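Here is the structure we will look at.
Computed from a predicted model, the values in this text were never measured in an experiment. The figures here come from the full heavy-atom set of this structure, side chains too, leaving out hydrogens, waters and symmetry mates. In the text below, chain A, chain B and the rest are named by the order of the sequence lines, each starting its count at 1.
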Amino acid sequence: MCGRFGLYLPAQTIASFFLILNEPDHPPRYNIAPTQPVLAVFQSPAGRRGVPMRWGLIPHWARDIKIGAKLANARSETLHEKPSFRTAFNRRRCLIPADGFYEWVAVKGRKQPYFIRRRDGNPLAFAGLWEVWVAADQSELVSCTIVTTAANREMTPVHHRMPVILEPGQFDRWLDPDNQNPRSLCDLMRPMRDGGLVLQAVDDYVNRTGNEGPRCIEPAATFPTPSSPPEPPAQMNLFED
DNA sequence: CCAGACGTTGTT
DNA sequence: GTCTGG
DNA sequence: CCAGACGTTGTT
DNA sequence: GTCTGG
């Protein structure tokens with residue numbers, strides 16, 4: 001899954017990789033958590049735009065904002081049927097740029113964080129959905145969620161789920177609001193190709209959401225990066241995925 | 001009909 | 001808003 | 001995702 | 001143990 005990530009490359013780099021019209025200024029972030037603002041890219045009539053959105057999708061019918069904290073991720077397998085996601089899946093798809101994301105692996109009573117990046121150094125493009133929510137005072141809040149799928153080869157040692165990561169050649173198909181072909185969209189909901197990611201054990205400074213800065217991705221002193229799958233999960237879920 | 005849920009993750 | 005459960 | 005709180009009263 | 005906040 002994806003419950004924490006970083007985005008620290010400069011706005012110009014992000015704008016050119018995602019081919020967005022504007023160059024939305026964003027502070028370098030190494031420790032983005034659910035409920036915080038993220039940069040989302042969506043297709044406007046004039047072209048792709050990058051805008052800040054609250055991470056954790058708040059359905060338009062929600063009574064209050066709290067539900068968003070639980071909807072930071074959306075399973076790709078059921079997007080089309082879940083009341084919380086299906087309207088956004090039809091018309092409001094987006095990309096969420098990231099330099100890398102974190103996963104925690106429980107080892108001997110503690111949790112070891114890993115930072116996961118593209119091997120080629122490019123930003124990651126998470127598949128996402130977005131929604132507008134109107135609060136009681138009529139103010140509008142735009143929020144988004146990150147779509148998940150099964151783990152690829154590199155991710156399997158640390159977790160059985162991962163975010164859907166799209167390639168530039170797939171951006172248009174995912175973002176086009178007029179694309180309502182479920183087959184065309186579902187074909188994109190695949191684990192990233194094997195070999196495209198690298199993992200690095202990092203300092204547990206990142207655990208605390210209030211901690212920020214490059215120290216979050218500082219390699220851990222005592223834990224090597226797993227070159228091959230270090231150990232399979234103790235329990236395998238035999239019923240899903 | 002109305003009331004209540006609407007989600008993912010991990011863990012046991 | 002829309003579906004499910006009662 | 002992890003960390004941290006987890007309560008009521010009255011008063012400003 | 002479970003929920004909230006970030």
Salt bridge or not between A/Glu81 and A/Arg75? Use side-chain N to carboxylate O under 4.0 Å. no

Does the pair A/Asp176/A/Arg91 count as a salt bridge with the N-to-O cut at 4.0 Å? no

Report yes if the side chains of A/Phe126 and A/Leu166 come closer than 4.5 Å at any heavy-atom pair, otherwise no. no

Pairwise [atom1] distance, [M] and [N] [rounded to whole Å]:
N      : M     : atom1 : value
B/dG4  : D/dG4 : C1'   : 30 Å
E/dT4  : D/dT8 : P     : 14 Å
D/dC2  : B/dT9 : C1'   : 13 Å
B/dT11 : E/dG1 : C1'   : 13 Å

Length of the line joining [X]:[atom1] and [N]:[atom2], which is rounded to integer Å:
X        : N     : atom1 : atom2 : answer
A/Arg29  : D/dC1 : CZ    : C1'   : 13 Å
A/Phe101 : D/dC1 : CZ    : C1'   : 12 Å
A/Glu212 : D/dC2 : CD    : P     : 18 Å

My understanding is that a pair needs two contacts under 3.5 Å, Watson-Crick or G-U wobble. By that rule, which nucleotide pairs with C/dG1? B/dC6

Check whether the side chains of [X] and [Y] place a donor and an acceptor atom closer than 3.5 Å, and report yes or no.
X        : Y        : answer
A/Asn31  : A/Arg4   : yes
A/Trp104 : A/Asn207 : yes
A/Gln43  : A/Arg49  : no
A/Thr148 : A/Asn73  : no

Check every strand shown and say whether A/Pro34 touches a base, only sugar-phosphate, or nothing at a heavy-atom separation below 4.0 Å. base

Anything under 30° is parallel, anything over 60° is perpendicular, the rest tilted; go ahead and classify A/Phe171 against A/Phe17. perpendicular

Test applied, ring-ring contact (aromatic ring centres under 6.0 Å, His included); reference residue, A/Tyr102; option that passes from A/Tyr30, A/Tyr114, A/Phe5, A/Phe115: A/Phe115

Name the first nucleotide and the last nucleotide along DNA chain C (5' to 3') that come under 4.0 Å of a heavy atom in chain A. C/dG1 to C/dC3

Can you check each nucleotide of nucleotides 3-9 of chain B against protein heavy atoms at under 4.0 Å and return B for base, S for sugar-phosphate only, - for none, in 5' to 3' order? ---BBSS

